[in-house]
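Quick notes on the structure that follows.
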Amino acid sequence: MQALSPPPSSSSLSSSIVGTSRRRRPPTGPLVVHCIHRSYDSVNFPAGVVSSRSDWQSSCAILSSKVVGQEQPPESRSGADSIASVNGHKTIDLDLVPIDKAAAKPLTITDLAPAPMHGSQLRVAYQGVPGAYSEAAAGKAYPKCEAIPCDQFEVAFQAVELWIADRAVLPVENSLGGSIHRNYDLLLRHRLHIVGEVQLPVHHCLMALPGVRKEYITRVISHPQALAQCEHTLTKLGLQAAREAVDDTAGAAEYIAANNLRDTAAIASARAAELYGMQILADGIQDDCGNVTRFVMLAREPIIPRTDRPFKTSIVFAHDKGTSVLFKVLSAFAFRNINLTKIESRPHRNRPIRLVDDANVGTAKHFEYLFYVDFEASMAEVRAQNALAEVQEFASFLRVLGSYPMDMTPWSPSGGD
């Protein structure tokens, strides 16, 4: 096997190949040519040979195609040193294995940007244990996926970064409880990209061990968001039980079942009750039937923005000092008729406080914030690109978290999870 590469000396490609043909006879068996390019920024190649990486790759491609096209039976050759010409240079006629052109298939937009509902054989990380709402969201986002439970939100991020999982599905906001600030902070700390979203109706159930009655309950445990979403209903049920927060809803049901706690109830999904052998004491105890949690789908690489369906883009920025800077930033979207669906502020941990005046005198101070914004436009649209270009003029920091298809799936507020 002969390896060809651009020599660092002044000898040309043609003399190298012809010199090889004069020294020995080419082998009769099939050969494979490997074209190797090395970067020699300070080398001036002779005219007519190669002057850049692209020229070298082109020469190699022409060489390979030429020698394949010149393949002939051994008896029809006119000598051992059959010569072919490539770009005006003499080359040996090599017997290469013909390329099966029928096997080559060009990439399509589907290969580069799979639809959000494509989840066959994907490993998807979520926070919680089996029966959690996040598991249901992962199944809705990626049907037929292999769901991987994680005990913490940050573990789900790390599972994708370390190639343990292909995707992560994590909650970012609830229609009753508001934003999940922890995940907004983790979006900035990690380098994963938002590639989709899914909205999941939340249907809470009050459950306890079989045979336990409501009047014997002295404690209710669940995720803090679930406790907040059911506060009024629990009061109407006459429960004088203490509320105690745990890591997740399904984990609360698992904890009661594992420790045989007959004085404790949990707030979780109906599937969690089925998985852990719990008895449902009250169904649909959320204070608002329109209780919906929005999840984002995270991946190591972003998807290619498109314009053939509604897209949403998420960004985070910190604005420069000045008068009405935040107004100017938001005006960049208003002037282009781009609808904002969310704006969330989080403390800037590296710069928590700044003095108002340049002289560093006085007591008045301003807190520094990062702003998370979601807007209804694709980064493939010119108006979105122009809007971000204008935002960058007033921002000391700007990062696009992802541009992804919106979840347009209709949902029923009375349905379960």
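No experiment lies behind these values; they were computed from the predicted model shown.
Taking 4.5 Å as the limit, every side-chain heavy atom of Lys342 sits out of range of all side-chain heavy atoms of Val172. Contact check for Thr313 versus Val400: side-chain heavy atoms found under the 4.5 Å cut-off. No side-chain heavy atom of Lys328 sits less than 4.5 Å from a side-chain heavy atom of Glu390. With a 4.5 Å cut-off on side-chain heavy atoms, Leu170 and Leu187 do not count as touching. You'll find the side chain of Leu200 reaches within 4.5 Å of the side chain of Tyr133, heavy atoms only. Taking 4.5 Å as the limit, some side-chain heavy atom of Leu239 sits within range of a side-chain heavy atom of Leu206. Proximity of Val169 to Tyr142: side-chain heavy atoms (C-beta onward) are separated by under 4.5 Å at one or more points. At least one side-chain heavy atom of Arg309 sits under 4.5 Å from a side-chain heavy atom of Phe311.
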Can you give each donor-acceptor pair under 3.5 Å made by side-chain atoms of residues 371-380, sequence neighbours left out, with the distance rounded to 0.1 Å?
| from | atom 1 | to | atom 2 | distance (Å) |
| --- | --- | --- | --- | --- |
| Tyr372 | OH | Tyr184 | O | 2.8 |
| Asp374 | OD1 | Ser314 | OG | 2.7 |
| Asp374 | OD2 | Arg294 | NH1 | 3.3 |
| Asp374 | OD2 | Arg294 | NH2 | 3.3 |
| Glu376 | OE1 | Asn339 | ND2 | 3.3 |
| Ser378 | OG | Arg306 | O | 2.9 |
| Ser378 | OG | Ala380 | N | 3.1 |

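A donor-acceptor contact closer than 3.5 angstrom links the side chains of Glu344 and His181.
Residues passing the salt bridge (charged side-chain N to carboxylate O under 4.0 Å, His left out) test with Glu254, sequence neighbours excluded: none. Checked against salt bridge (charged side-chain N to carboxylate O under 4.0 Å, His left out), Glu301 has no partners two or more places apart in sequence or in another chain.
Heavy atoms from other residues, nucleotides or ligands lying under 6.0 Å from CD of Gln392 number 12 at most. Environment of CD in Gln279: crowded, with over 12 heavy atoms of neighbouring residues, nucleotides or ligands closer than 6.0 Å. Summarising the local packing, CZ of Phe327 is surrounded by 12 or fewer heavy atoms from other residues, nucleotides or ligands at distances under 6.0 Å.
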